[in-house]
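Presented below is the structure to which this report refers.
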Amino acid sequence: MPELPEVEVVRAGLQPAVTDAVVTGVEIFDERSLRRHVPAAESFTAQLSGRRILAAVRRGKFLWLPLDSGRALVIHLGMSGQVLLRTPGAAADRMLRIRLTLDHPTHGELWVNFVDQRIFGSMAVDSLVATTDGLPGGYWGTGETDAAWQRRLPSQVAHIARDPIDASFSSSTFLAVLARKNTGIKRALLDQNVISGIGNIYADEALFAARIHYEQPAASLSRAKATALLAAVRAILHRALAEGGTSFDAQYVNVNGQSGYFAHSLEAYGRQGAPCSRCGTLIVREQFMNRGSHFCPRCQRLR
DNA sequence: ATTCGCACCTGAGTGC
DNA sequence: TGCACTCAGGTGCGAA
């Protein structure tokens, strides 16, 4: 469940279930799902057992659950990760890699199943470091308590730029970075050090909305055009979030296993051979970064 | 210091 | 039915 809207759907679903819960069990079915875990002195299991979860936070496509130990459980879904909440005793999910058992003060026992087909995602316990700007590390929904974890973020997320729906996102910083980028605009949008949360689907959708060719040099965009692109990115992410994210199949689901509806609203991604909604020209798919780029050859010309 | 290609993986779908 | 091949929403590493 990869891009920002889908990850936020997972975060929002986790928050009420895991906040204030204590980890009472850890089962690792595939060690490869711990690829981002750096075993410091203690193992993944030892660092989680008995710890209380304080919140569910997200920056871009990274999720983390701050713990009462001062560290955090980092979750990245990769290309195919899912976090599913299950009642203990439920039938095992296919491709289950890690399971946590939580005990919540009011909801009781709960399984958190980390399912991942391709194993590009992972769970890890990581230290928290202070944000360089002193602002919140990510988005955690409501609740202003000024707790210690709020202005911190996992060390492995520190290099990730803020995402465009983060209240602390700086448009002027983004525009300045973009103006210095010596690469195509789509590469820049996908670079999580420049702006986070955007992946292949929403990059294509935003570029379609802003009528920009994916290989247009980033630095060649006028300030007005770049500003319009950022507005398009925000609009699309918000609309996708409101629809519960994009699902083509059962792979991209919320914590209850339900799909989102934004796939019906896609204008470019996956629509190769279908007419552009604006001009009727057939949408084209081109090979790009070992994937595809979808665009309207008439509305989105290289300039 | 940047930018770019590729490795990391499994499973579903297609065509022969 | 089986096999070879293509495709998939991400990230990080090393090489240029």
Side-chain angles (χ1 to χ4, degrees), chain A residues 1-10 29-38 58-63 74-83 93-98 114-124 126 154-161 163 177-207 214-215 217-219 233 236-237 240-241 243-254 259-266 268-273 285-294:
Chain A
M1 256 244 126
E3 304 180 48
L4 188 154
E6 295 78 35
V7 179
E8 175 56 23
V9 163
V10 171
F29 302 103
D30 196 322
E31 296 272 347
R32 293 175 297 177
S33 290
L34 296 177
R35 62 169 57 207
R36 287 184 176 83
H37 180 73
V38 182
R58 181 192 53 74
R59 174 184 290 207
K61 304 170 198 170
F62 281 84
L63 277 175
V74 182
I75 306 171
H76 197 287
L77 302 173
M79 289 280 263
S80 53
Q82 304 175 341
V83 179
D93 289 296
R94 236 161 80 78
M95 294 175 279
L96 175 63
R97 311 297 184 196
I98 298 173
F114 183 70
V115 169
D116 189 8
Q117 182 202 118
R118 297 175 71 181
I119 326 185
F120 289 170
S122 65
M123 281 187 158
D126 194 8
S155 66
Q156 63 187 262
V157 186
H159 67 289
I160 300 294
D163 62 64
V177 170
L178 209 57
R180 277 187 269 111
K181 273 284 158 189
N182 186 24
T183 189
I185 184 59
K186 183 167 174 181
R187 278 199 126 88
L189 287 181
L190 295 177
D191 184 344
Q192 307 295 300
N193 303 305
V194 172
I195 185 169
S196 68
I198 303 169
N200 208 33
I201 293 180
Y202 300 113
D204 281 359
E205 293 302 305
L207 290 169
Y214 69 98
E215 284 183 317
V233 165
I236 283 161
L237 293 179
L241 190 49
E243 305 234 15
T246 299
S247 306
F248 304 125
D249 51 40
Q251 187 126 117
Y252 301 98
V253 294
N254 67 14
S259 296
Y261 295 94
F262 196 68
H264 302 289
S265 306
L266 297 177
Y269 187 89
R271 292 197 66 244
Q272 60 271 25
R285 176 187 186 275
E286 284 182 3
Q287 199 73 19
F288 172 78
M289 289 171 82
N290 274 332
R291 296 194 175 76
S293 249
H294 313 76

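Naming: A, B, ... by sequence-line order, numbering from 1 per chain. Quick caveat: nothing in here was measured; it's all calculated off a predicted structure.
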Touch class at under 4.0 angstrom, heavy-atom based, for A:Tyr269 against every strand present: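 Contact class for A:Tyr269: sugar-phosphate only.
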Sugar-phosphate only, base, or nothing, as touched by A:Met95 at under 4.0 Å among non-hydrogen atoms: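 Answer is sugar-phosphate: A:Met95 comes under 4.0 Å of backbone atoms only.
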Presence of [X] side-chain N/O under 4.0 Å of [N] phosphate oxygens OP1/OP2:
X	N	answer
A:Gln251	C:dG9	no
A:Arg36	B:dC8	no
A:Ser80	C:dA8	no
A:Asn182	B:dT2	no
A:Lys61	C:dG9	no
A:Arg118	C:dT11	no
A:Arg32	B:dT10	yes
A:Arg97	B:dT10	no

A:Phe248 ring center near A:Phe262 ring center (under 6.0 Å):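 Not under 6.0 Å, so no.
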Tell me the interatomic distance from [X], atom [atom1], to [N], atom [atom2], rounded to whole angstroms.
X	N	atom1	atom2	value
A:Arg59	C:dT11	CZ	P	14 Å
A:Asn200	C:dC7	CG	C1'	12 Å
A:Ile195	C:dT11	CD1	C1'	17 Å
A:Glu3	C:dT11	CD	P	9 Å
A:Leu77	B:dC9	CG	C1'	16 Å
A:Gln287	B:dC6	CD	C1'	13 Å
A:Arg35	B:dC8	CZ	P	10 Å
A:Gln192	C:dG9	CD	P	14 Å

Spacing of A:Ile236 atom CD1 and A:Thr246 atom OG1 [to the nearest 0.5 Å]: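 The OG1 atom of A:Thr246 is 10.0 Å from CD1 of A:Ile236, to the nearest 0.5 Å.
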Of all the nucleotides listed ([options]), which has the minimum atom distance to the side chain of [X]?
X	options	value
A:Phe248	B:dC9, B:dG11, C:dG9	C:dG9
A:Thr183	B:dT3, C:dG9, B:dC9	B:dT3
A:Lys181	C:dA8, B:dT3, B:dG5	B:dT3

Under 5.5 Å and under 30°: A:Phe120 stacked on C:dT11: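 No; centroid distance or tilt outside limits.
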Spacing of the P atoms in B:dC9 and C:dG14 (rounded, Å):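 These two P atoms come out 15 Å apart once rounded.
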Euclidean distance for C1', B:dA12 against C:dT11 (whole angstrom):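 That atom pair is separated by 23 Å.
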5' priority, DNA chain C, between A:Met289 and A:Arg285 [closest heavy atom]: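 Of the two residues, A:Arg285 wins.
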Residue met sooner reading DNA chain C from 5', once A:Gln117 and A:His159 are mapped to nucleotides: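 Its nucleotide being nearer the 5' end, the pick is A:Gln117.
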Polar side-chain atom of A:Arg97 near backbone of A:Gln117 as donor-acceptor pair, under 3.5 Å: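 It does hold such a pair.
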5'-most by nearest nucleotide on DNA chain B - A:Asn290 or A:Arg180: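 Result of the comparison: A:Arg180.
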Electrostatic pair A:Lys61:A:Glu3 at N-O distance under 4.0 angstrom: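 Here A:Lys61 does not pair with A:Glu3 in a salt bridge, since their nearest N and O are not under 4.0 Å apart.
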Short N-O contact, A:Asp163 and A:Arg58, less than 4.0 angstrom: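 Between A:Arg58 and A:Asp163 there is a salt bridge, with a charged N closer than 4.0 Å to a carboxylate O.
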Exercise: identify the closest heavy-atom pair between A:Arg35 and A:Ile119: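 Minimum heavy-atom separation between A:Arg35 and A:Ile119: NH2-O, 3.1 Å.
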